[in-house]
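The next block holds one structure in the form of C-alpha cells; read it before the comments.
Numbers restart at 1 for each chain; the letters A, B, ... are given by sequence-line order, proteins then strands.
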There are 2 protein chains.
Amino acid sequence: MAEIKHEHEACKKTILAVHDAMDVLGGKWKISIVASLGFGKKRYSEILKDVTGISGKMLSRELKDMEANLLVNRYVIDTKPVTVEYELTPYGHKLKSVIKNLADWGNLHRKTIMGK
Amino acid sequence: MAEIKHEHEACKKTILAVHDAMDVLGGKWKISIVASLGFGKKRYSEILKDVTGISGKMLSRELKDMEANLLVNRYVIDTKPVTVEYELTPYGHKLKSVIKNLADWGNLHRKTIMGK
DNA sequence: CTGTATCCACCTTGATACTG
DNA sequence: CAGTATCAAGGTGGATACAG
C-alpha cells in the first residue's frame, strides 16, 4: 500500500519534471538546435544550414528564447559584415545526454516504422 | 580535415535522428503521457488525472496517434461501463531512458531558472 | 551577415455538448 | 467510463521585404 502510494508520487513528480523541461524545449526546432550546438560553437548561418527546413525568422526567435532560458550564449564578433556565434552554456551542455538518447531512439524508430 | 568532415556528418545525422524522434513525440502532451505510462499500465481516466491540464479530447487524440506509431497498446475490457487500458509497447518502453534524462534535466532546470 | 517587421494561412487546442 | 462532434480563438510558422 505504501509502495503503491510511493509509485504514484514518483509518477507525478516525473511528469512534472518532464513538463518543466518541455516548457523550455517545446518549440518545433529547439531540440534540433541544441543537437546542432552540441557539436560545438556555430554561426547563425551554419545552424541555418544544419537544421533542415528552419526559416531565418524561426531560428532567431528560438535562439532568443533559448538565450533567455540560459541554454545558449550569443557572441557578436565585430567583423564586417557582422558575425554572430552561438554556443551551449554549461547548463545547456547537460542536455547532450538527452539528445543522445533521443537520437538513438530516432534511429531505432526509422528502422522500425519506416522500412529500415 | 577528414575529422572535420566526419564531425559534420555526425552532426547532420544526429539532427535528422532527433527530428525523426520529434515527429512522433512532438505533440504538446505526448512525452508526458509516455512518462505516465512508463510507470505501468493505466486507464484513460487515470492518465487524465496524472497529466495535469490535458483535456479529454487531447488525450484521446494523442493516444490514437501514439497507437498508430506503435508506442502504446490499447485494451478494451468489457465491463460495464467500459474500461480501457493503455500500456507502452516494448518499443515505447525504450523511451524510458529518454524520459529519465529529461526528468533529471527538468528538475535541474527548476532549480536553476526558477528559484530552487 | 544577421537579423526585424508585417501580413496571413494554417494548425492546434480548449470549451462544451453529446453518445454508447 | 471513454470517448466523439462542433465551434471558436489563439498560437505557429512561412514568405517577403527591409535594416544595421
Distance, rounded to the nearest Å, where [X] contributes [atom1] and [N] contributes [atom2]:
| X | N | atom1 | atom2 | answer |
| --- | --- | --- | --- | --- |
| B:Lys30 | C:dT12 | NZ | P | 9 Å |
| B:Tyr86 | D:dA2 | OH | P | 8 Å |
| B:Glu62 | D:dG3 | CD | P | 14 Å |
| B:Ile33 | C:dT13 | CD1 | P | 11 Å |
| B:Met58 | C:dT13 | CE | P | 5 Å |
| A:Arg74 | C:dC1 | CZ | P | 16 Å |
| B:Lys28 | D:dG10 | NZ | C1' | 11 Å |
| B:Ile77 | D:dG3 | CD1 | P | 11 Å |

Looking at [options], which one has an atom nearest to any side-chain atom of [X]?
| X | options | result |
| --- | --- | --- |
| A:Ser45 | D:dA2, D:dT4, C:dC1 | C:dC1 |
| B:Val84 | C:dT4, C:dT2, D:dG3 | D:dG3 |
| B:Lys57 | D:dA2, C:dG3, D:dC7 | D:dC7 |

Check the phosphate of C:dC1 against A:Thr83, side-chain N and O only, distance under 4.0 Å to OP1 or OP2. Yes or no?
no
Examine C:dC1: is either OP1 or OP2 under 4.0 Å from a nitrogen or oxygen in the side chain of A:Arg43? Give yes or no.
no
Could you measure the distance from the CG atom of B:Leu25 to the CH2 atom of A:Trp105? Nearest 0.5 Å is fine.
5.0 Å
Do we see a donor-acceptor contact under 3.5 Å between the side chains of B:Tyr75 and B:Glu87?
yes
Over all heavy atoms of both residues, which pair between B:Ser36 and B:Val51 is shortest? Give the atoms and the distance, please.
CB-CG2, 4.5 Å
Is any NZ, NE, NH1 or NH2 atom of the basic residue among B:Asp65 and B:Arg61 found under 4.0 Å from an Asp or Glu carboxylate oxygen of the other?
no
Select base, sugar-phosphate, or nothing to describe what B:Arg61 touches, counting heavy atoms under 4.0 Å on all strands.
base
Flag if over 12 foreign heavy atoms under 6.0 Å of NZ, A:Lys12:
yes
Result for 5'-nearest mapping on DNA chain D, choosing between A:Pro81 and B:Lys64, is B:Lys64
